[in-house]
Amino acid sequence: MPETPYHHQEIELKWSGRWSSDPQLYQAADDGAKPRYYVLEMLPYPSGRLHMGHVRNYSIGDTLARYQWMRGYDVMHPMGWDAFGLPAENAAIKNKRHPAEWTHSNVAHMKRQLQRLGFAYDWDREVNTCTPEYYRWNQWLFLRMMERGLAYRKTSLVNWCPECATVLANEQVENGCCWRHETTPVEQRERDQWFLRITHYAEQLLDDMAQIEAGWPSMVLTMQRNWIGRSEGTEVDFRLKGADENIRVFTTRVDTIYGATCVILAPEHPISKRLCTGELAATLKAMVDDQGRKDPENLVKEGFYTGHTAVNPYNGQEVPVWVGNFILWGYGTGAIMAVPAHDERDFEFCTKYGIPIVPVIRPVDGELAVNPTEAFTEYGIMANSAEWTGLTSAEGRKRMSEKAEKDGFGKASITYRLKDWGVSRQRYWGTPIPMVHCPACGVVPVPESDLPVVLPYEINITGAGRSPLENVESFVNTKCPRCGNDARRETDTMDTFVDSSWYFFRYVDPHNAQAPFSTATVTPWFPVDQYIGGVTHAILHLLYARFWCKVMRDIGIVSVDEPFKCLFTQGMVQLNGQTMSKSKGNIVDPDEMVVRFGADTCRLFTLFAAPPEKDMDWNESSVEGQYRFVSRVWRFVTRNIDAGSGSGSTDQRALRKLHQTIGKVTSDFENRWHFNTSIAALMELTNELYLCEAGLSASVRAECAEKLVLLLAPFAPFVSEELWEMMGRTGPLFKQPWPQFDAALAAENVIEIPVQIGGKVRSRILAAPDASQETLEQLALADMKIQALTAGNTVAKVVVVPGKLVSIVVK
RNA sequence: GCCCGGGUGGCGAAACUGGCAGACGCAACGGACUUAAAAUCCGUUGACCCGCGAGGGUCGUGCGGGUUCGAUCCCCGCCCCGGGCACCA
């Protein structure tokens, strides 16, 4: 058959039409006949259009999914929409479109884009988090958490972004500014908020890392570990002199307490307020107001003496009580003992204000410092510490904690940097928190039978500070579920990180109307075999999802401790070294490339440009190379369908390259997903086949064409499927068995071995790949060039690495 | 400041982690085909030096040292780029 021209548009439209009209095509059988494999990619926010970061993420996932199908797995490969969130409301304000309408039209468009790119999703499992069918289960789970004391309400100082007019989680504050508005400083406001008690799981979140260590990038686990910030120490009460009150401090270095020369309170500490009367009250207030706006880059430590003193319980010494702007109210007890001799920050503070510096720890092999010029922060030997003198820091910490506990003025304690998750948002486009405020009964949960609490459609979104829901009377006015009298609905909605914390469970049982999912249905698919997404979610989303999984396990509806066995974090797609983002206006849309070159080329291009975990700078200049490659495969295969036979003189050469390629591509899939080198190997194979073509026998010609198409299938599904059909084969290509590697066929008859003298390559010898050390040494020493170069010298040593090289050392 | 990544031709990158540096692709150049161009096919292409030539030599993986027969890879000390954390007591 003569070769035919490659018309990507025609071929791709044909197949994407067929594929999307067959809803069963990519369904998992879920009958246990084959081993299961769950490929999960982070679901997109429906912002309007796909960007190249999505294309990259989903190309990686789809390539893996198709490979696993070919390897014989029963693959689950779903997709959905993280559809609640702020941009929908911003669009509502700006374009006068309803958030629901805006979201749904974005979803429709992006779904078409995904289908056009040929991603093999089971759309029957599509999950859209802004539908009542989904978010009612957020509410249901919230009630379960409430019952277990994991969801609670408390008044607290919260981060407030004036731009968003909403509360931000600590995780959404970056450098004191809003994560969306990087130049808007966050303010502190007092509000009643809903919280989820993630701190209750802090220890498990750390411990269970052991279960996923093998499959997760260590960097992500490290980041989470730092975020949780576990710290072992001691809480100690300093009695406030002249008052029946203690100041409790947290320290990791109780062994230094004989060097404590003052106590410092956070400005927000209730005791600060009580101690600062008269003129000091104004000073304190100014400092509190300043806290939310502090620029961590160049904050100057400031403080003032309250005029009060407190007593060190270990030695009875009286120390002054200060207030300091660098003491965090949200960490530990919000108060510290300052030991300037052994803590850099205390040193800086006490030096500035002339507070004494008393060294009490000496280096293990040195003397106690006199008038130190910097803090000695290492562990050492205790000095000037009464009966503890001479102990090591470690011993001191342990025994002094025991003493505090025994005498009732403190205890050993573990503190976390992690804080409870504030989930309240004063926003319309989110899951309503299923609570009612009754004047008589207080906060009352909505009964399960009344779920879902549906978000009202009629809404006027203005962007003003109050939550839009507060103005919807039909929503707000309700009856108390307990006493039946008039009551008001909670108008806060949930953080959208709630939605993405469990959607991957819903995928497995997406139409369940009785429960978030059936435990029996879900269990065989968990943990997820492979989760793929951006490293930007290393802390927030992935930590919340892990937490949520443990909660669901404790509720009894999930059987695993950890949701994701393996995690792959792909690199970012950048443009001129900058992250692509809407605000920077440097989004690249895939549509144009798909029209010009086709989805196959687009996918190959994103995979070829760099290994998947590496950041890549978007530069389209090499995209034509991928198009050329696809075209070359196309021409080779089409012109060799039922082609005449050659002599067979190049059969061995072609088969060798074919099997080397099978080996290479397979090992890339199994070990490291460096698809750039897999695609390079397929190019090499294609190049070799062009050179061998004339001499190929009919059977080898057909075999090479067929295997080439199979190997290409996970990367470029459209052209592969079309060629498969043209070869007269039936059945979807992604269900065909992956080609078998044959080591004997891949082996070279003879290889070239470099011979070095003094580490420099001086000659090359030909030898069998399995030639022995002795043979190689003899061949090398017998080589003419080597003989010439070694003449007159003594060969001191010969290093032979079989199959690799010979290295000769001369004197 | 601390913790991770990373620095290789004109460009994206390989070298599976101690064994031929630069696979594959882009760009560039040459040849074939063509009236011509495009497309296609076949080649060349790290830098410098010697040679008419086949060929040979020196240098070369951010910089400076070290270990080794041999270092892009390991060790020590720097420089630059990207990311995370940043008064966490």
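All chains are named by letter (A, B, ...) in the order of the sequence lines, taking the proteins before the strands, and each is independently numbered beginning at 1.
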Main-chain N/O of A/Pro5 paired to A/Trp634 side chain as donor or acceptor, under 3.5 Å: yes
Closer than 3.5 angstrom, by distance alone: can the side chain of A/Ser272 be matched with the main-chain N or O of A/Ala266 as a donor-acceptor pair? yes
Any base atoms under 4.0 Å from [X], or only sugar-phosphate, or nothing? Heavy atoms, all strands.
X: A/Arg762; answer: sugar-phosphate
X: A/Ile264; answer: nothing
X: A/Lys785; answer: sugar-phosphate
X: A/Glu752; answer: base
X: A/Asn676; answer: sugar-phosphate
X: A/Tyr690; answer: sugar-phosphate
X: A/Glu684; answer: sugar-phosphate
X: A/Ser807; answer: base
X: A/Asn687; answer: sugar-phosphate
X: A/Lys614; answer: sugar-phosphate
X: A/Arg764; answer: base

Show the numbers, then the answer: is there a side-chain contact (heavy atoms from CB on, under 4.5 Å) between A/Ser393 and A/Arg253? CA-CA 8 Å; A/Ser393 292; A/Arg253 292 297 303 275; 3.5 Å; yes
Provide the distance between the two [atom1] atoms, one in [N] and one in [M], to the nearest whole Å.
N: B/U61; M: B/G46; atom1: C1'; result: 11 Å
N: B/G9; M: B/G62; atom1: C1'; result: 15 Å
N: B/G31; M: B/G19; atom1: C1'; result: 38 Å
N: B/A37; M: B/A32; atom1: P; result: 11 Å
N: B/U8; M: B/A71; atom1: C1'; result: 14 Å

Here the distance between atom P of B/A14 and atom CZ of A/Arg672, to the nearest Å, is 8 Å
Take the angle between the ring planes of A/Phe715 and A/Phe675 and call it parallel below 30°, perpendicular above 60°, tilted in between. perpendicular
Check: B/G19 base within 3.5 Å donor-acceptor of A/Gln756 side chain: yes
Syn or anti for B/G9? Use the chi torsion, O4'-C1'-N9-C4 for purines and O4'-C1'-N1-C2 for pyrimidines, with syn inside 90° of 0. syn
The side chain of A/Arg628 is closest to which nucleotide in this list: B/A27, B/A15, B/C24? B/A27
Tell me whether the OP1 or OP2 atom of B/C3 has a side-chain N or O from A/Arg225 closer than 4.0 Å. no
Matching residue for A/Val254 among A/Val249, A/Thr234, A/Val339 - test: side chain to side chain contact (heavy atoms under 4.5 Å, CB included): A/Thr234
